[in-house]
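Worksheet for the structure shown next.
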Amino acid sequence: MRQGLNEKQLEAVRCTEGPLLILAGAGSGKTRVLVHRIAHLLTEKNVEPWHILAITFTNKAADEMRARVDGIGAEGAQDVWVATFHATCVRILRRHIDRLGFDRNFTIYDTDDQKTLVKNVFKALNIDTQTLKEKNVMRVISSCKDVLQTPEEYAAEAVGYREELIAKVYAEYQRQLKKNNALDFDDLIVKTVELFGACPEVLDYYRERFRYIMVDEYQDTNTAQFRLVELLAGRYHNICVVGDDDQSIYKFRGANIENILSFEKCFPGAAVVKLEQNYRSTGNILDAANEVIRHNRGRKDKRLWTSREGGPKIVLRQYPDAGAEADGVIRAIRDECADGDYSGCAVLYRTNAQSRLLEERCVTLGVPYQLVGGVNFYQRKEIKDIVAYLKTIANGRDDLALLRIINVPKRGIGAASMEKMGIYARANGLSLWEACTRAKEIPGLGKTGEKILAFTEMIAAYRMRVGSGEPLGDILDSLVNETGYLQELQQEGEIEAQTRLENIAELKNKAVAFEEAYRAGDAGRNMPEAGEEPLEVPLLDAFLEEVALIADIDRYDESQSKITLMTLHAAKGLEFPRVYMTGMEEGLFPGMSSINAEDRTELEEERRLCYVGITRAMDRLTMTFAKCRMVKVETVWSKASRFVEEIPDELLEKHLLERDYGAGAFDDDEDGGFSGCFGAGKGGGYPGRAGRYSEERPSGYGSVGYGGVTGYAGGGYGSRGSSSSYRRGFGRPKGSGGGASAAGGASAAGGKPAFGREFKVTRAESLDYGPGDRVSHMKFGEGTVREVKDGPRDYEVTVEFDTAGTKVMMAGFAKLKKL
DNA sequence: TCGAGAATTGTTTTT
DNA sequence: CAATTCTCGA
């Protein structure tokens with residue numbers, strides 16, 4: 001065995017038979033252990049590689065593991081099955097789902113598709129969206145699936161009108177999915193479990209196949225995933241799970257911490273190995289982490305330690321407001337990285353909304369950054385449009401994809417016509433696509449029928465081209481250029497069009513790279529089953545699958561010399577020499593709802609999130625918080641997060657504001673200030689929009705709601721009134737996008753601007769035209785330049801065209817010619 | 001059928 | 001406040 005493993009790690013590696021729980025603290029080298037364990041199985045135990053299954057949660061983790069397993073150098077290492085839960089299930093289902101009455105080329109619906117489907121169901125069942133919100137229903141359905149609850153089971157337990165209604169929606173939703181030959185994300189797991197239940201011989205096959213199973217990040221598994229693993233391990237019981245109960249931060253999406261806490265009960269005779277030596281962080285950082293997490297109850301007993309004693313103290317900084325915080329943090333980073341190397345720095349925050357200020361500051365201070373998360377690349381409109389084209393080309397059964405693009409770009413096929421098509425399709429048991437190919441036979445369409453037919457012919461032509469092996473990249477180009485998609489994009493506005501085209505170009509890159517890998521035979525998804533013929537997956541289908549299962553975190557690239565901006569959740573599993581945790585404020589982190597929840601575990605989950613954040617840091621950790629911050633429309637005053645308070649003073653180097661800075665009087669009673677905030681919320685002071693909350697909500701969420709968050713609302717300080725009215729004074733003409741939007745936003749709170757913004761650094765003219773000049777544009781013809789503004793990327797030019805109206809466009813993109 | 005303006009609504013966190 | 005969804009007039 002390779003050296004360099006500590007005693008405990010070796011123990012975990014060598015314990016190959018029977019159930020094993022590895023409690024792996026943050027930074028304790030669990031991936032190494034897993035990889036070594038696989039190597040040990042292959043080389044020492046002579047286990048056949050196809051008898052080994054390693055499951056992860058993210059593609060990134062899977063890729064990393066894949067690379068390291070391949071790097072073992074053992075013969076056949078590439079036949080070890082390494083994949084995410086979802087990918088594993090897709091692979092199994094592609095082979096056997098016909099037994100559940102689905103077609104094997106089913107499509108996978110993402111969140112947007114789900115929402116559309118729920119909307120359709122609402123329509124079909126005549127449900128008013130005021131009565132029931134799509135989002136809430138989706139959440140309910142998803143949590144049902146997390147625990148393997150079928151529509152029938154849910155209906156049986158449903159109490160009250162609302163739940164009974166949801167039960168109906170759930171049932172209909174599943175019916176529609178089946179009709180569309182589609183599965184949503186959760187279904188991938190659920191259907192696999194269902195398959196195993198319904199077909200013992202299939203389960204049997206996989207039990208034999210996977211004699212050694214390893215699950216990473218086990219604390220994140222939900223009940224369905226647990227069940228899946230339990231089924232697979234049902235014969236050989238060689239199930240090794242790795243996790244850390246202190247890093248369980250996905251309860252909201254169904255992760256069941258009990259899975260790890262009672263592993264030994266579920267798998268009798270399980271061995272337990274604790275990895276407590278941390279190889280990542282300094283002693284101070286680790287002490288802080290331990291001190292914080294100590295406040296949680298019901299954890300597995302363990303305490304991380306390191307040989308790296310001491311280290312710099314944790315820096316704690318307070319700022320007058322969120323803008324100043326962003327400015328201070330980014331400025332500090334810029335100063336630290338004077339050598340121009342920005343890698344190794346991460347700025348973490350609780351909510352995605354906080355990223356905006358940080359991003360802005362990076363732009364103005366010229367600090368290169370990479371933002372992880374936010375809007376998923378594959379959820380952007382243009383990407384979804386193109387992907388919908390591909391889906392339609394690949395699989396005529398996806399009604400949603402078809403509906404999405406049949407009138408994009410505009411083809412004069414409106415909702416009304418498609419409504420008729422839908423009725424016809426339903427009446428005749430056809431998919432929407434099939435109905436479209438018969439548009440001629442359908443009454444009442446008028447000449448729209450011809451347009452629909454023309455559309456189907458176009459798709460059919462693409463189908464031919466794909467079938468004949470034309471490269472995906474070319475197909476994509478053709479889709480963008482020849483369907484008129486590009487033209488329509490450009491009409492919408494040049495600024496938009498530019499980024500959208502960039503995104504589409506990125507998709508194309510992805511497709512080209514994928515095709516290359518596919519042709520080389522290592523596109524991964526069609527790994528051969530042992531002893532059976534490999535499952536042939538056509539290129540386009542394989543690509544769509546890849547796209548469907550990709551998440552944004554997978555796009556984080558550590559090799560770049562850029563600072564990383566991301567949520568605490570996204571940071572899990574990563575490490576950085578320097579970490580900044582921002583927004584360490586009571587009410588934001590931990591969030592209001594967790595503070596007010598009577599369920600103590602909500603707060604504990606927040607605390608675990610904090611623990612995750614702290615333990616990302618290797619050498620230096622900075623925590624920052626702001627005295628006040630805009631939350632939605634109002635300004636909120638907060639004090640430091642309780643998590644900060646839980647760190648002993650001797651570990652901290654504090655830089656706090658003087659007591660009477662800014663908001664002044666509020667500071668006078670330290671506790672009163674904040675509890676006043678709760679009081680106001682509890683007292684029932686809705687900010688006058690109570691009607692919005694008519695839908696039932698879980699108690700404990702109740703009356704506090706947003707009212708509680710918005711500072712002293714109703715508490716007698718009048719802060720919200722003053723701040724928002726002050727703000728209103730800045731009202732700017734809508735849509736004109738004048739400079740005021742960039743420069744005027746300095747904090748109004750307390751009347752002290754936090755810092756001057758410097759957005760309007762207009763560089764020396766590098767354009768050969770300016771306001772007042774006559775220019776011409778390829779498409780819009782001639783016009784007069786009204787304004788030239790320096791945007792974040794390029795000059796934004798406003799042109800009043802003689803015939804096409806006034807447009808704002810990016811100079812580099814518009815290619816205006818001076819006349 | 002379609003666009004622009006109005007109304008509504010939302011903040012956790014995501015595979 | 002911003003982003004999305006809705007509604008109404010042409």
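This structure is a prediction, so every number in the text was calculated from the model and none was measured. Each chain gets a letter, A, B and so on, in the order its sequence line appears, and its residues count up from 1.
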Could you tell me the separation between the CD atom of A/Glu217 and the P atom of B/dT13, rounded to a whole number of Å?
-> 20 Å
Rounded distance (Å) that lies between atom P of B/dT1 and atom CE of A/Met421 | 13 Å
Rounding to a whole Å, what distance do you find between A/Lys119:NZ and C/dT4:P?
-> 11 Å
Below 4.0 Å: OP1/OP2 of B/dT14 and any side-chain N or O of A/Lys572 = no
Rounded distance in Å - CG (A/Asp146) to P (B/dT14) = 16 Å
Proximity to the side chain of A/Phe185 - top-ranked nucleotide from B/dT15, B/dC2, B/dT13 | B/dT15
To the nearest angstrom, the CG-P distance between A/Asn59 and B/dT14 comes to 15 Å
Check every strand shown and say whether A/Asn352 touches a base, only sugar-phosphate, or nothing at a heavy-atom separation below 4.0 Å.
-> sugar-phosphate
Nearest-Å distance once atom P is located in both C/dT4 and B/dT13 = 14 Å
With heavy atoms under 4.0 Å as the rule, sort A/Asn407 into base, sugar-phosphate or nothing.
-> sugar-phosphate
Reckon A/Arg356 touches a base, only the sugar-phosphate, or nothing at all at heavy-atom distances under 4.0 Å?
-> sugar-phosphate
Value in whole Å for how far the P atom of B/dT8 lies from NZ of A/Lys135 | 18 Å
Look at the side chain of A/His569 and the base of B/dT14, then say whether one donor and one acceptor between them are separated by less than 3.5 Å.
-> no
Output yes when a side-chain donor or acceptor of A/Glu602 lies under 3.5 Å from a complementary backbone atom of A/Ile595, and no otherwise.
-> no
Judged by nearest nucleotide, the residue sitting upstream toward the 5' end of DNA chain B, A/Gln225 or A/Thr129, is A/Thr129
Side chain A/Glu606, main chain A/Gly591, donor-acceptor under 3.5 Å = yes
Does A/Ser142 reach the main-chain N or O of A/Met138 with its side chain, forming a donor-acceptor pair under 3.5 Å?
-> no
Roughly how many Å is it from CE in A/Met592 to P in B/dG10, rounded to a whole number?
-> 19 Å
Reckon A/Lys251 touches a base, only the sugar-phosphate, or nothing at all at heavy-atom distances under 4.0 Å?
-> nothing
For A/Ser417, which contact category applies under a 4.0 Å heavy-atom criterion: base, sugar-phosphate, or nothing?
-> sugar-phosphate
A/Arg411 side chain to A/Ile406 main-chain N or O, any donor-acceptor pair under 3.5 Å?
-> yes
Minimum-distance nucleotide to A/Lys133 side chain [options: B/dT15, B/dG3, B/dT9] = B/dT9
Starting at atom NZ of A/Lys145, determine the distance to atom C1' of B/dT15, rounded to an integer number of angstrom.
-> 14 Å
Output, in order, the C-alpha distance, side-chain angles, deciding distance and verdict of side chain to side chain contact (heavy atoms under 4.5 Å, CB included) for A/Val242 and A/Glu217.
-> CA-CA 6 Å; A/Val242 189; A/Glu217 305 282 13; over 6 Å; no
Looking at the side chain of A/Ala416, which of B/dT1, B/dT11, B/dT15 is the nearest nucleotide?
-> B/dT1
Less than 5.5 Å between centroids and less than 30° between ring planes, does A/Phe85 satisfy that with B/dT15?
-> no
When A/Gly412 and A/Glu605 are each assigned the nearest nucleotide of DNA chain B, the 5'-most assignment goes to A/Gly412
Does A/Phe252 lie flat on the base of B/dT13, that is, centres under 5.5 Å apart and planes under 30° off?
-> yes
Is the A/His569-A/Phe252 ring centre distance short of 6.0 angstrom?
-> yes
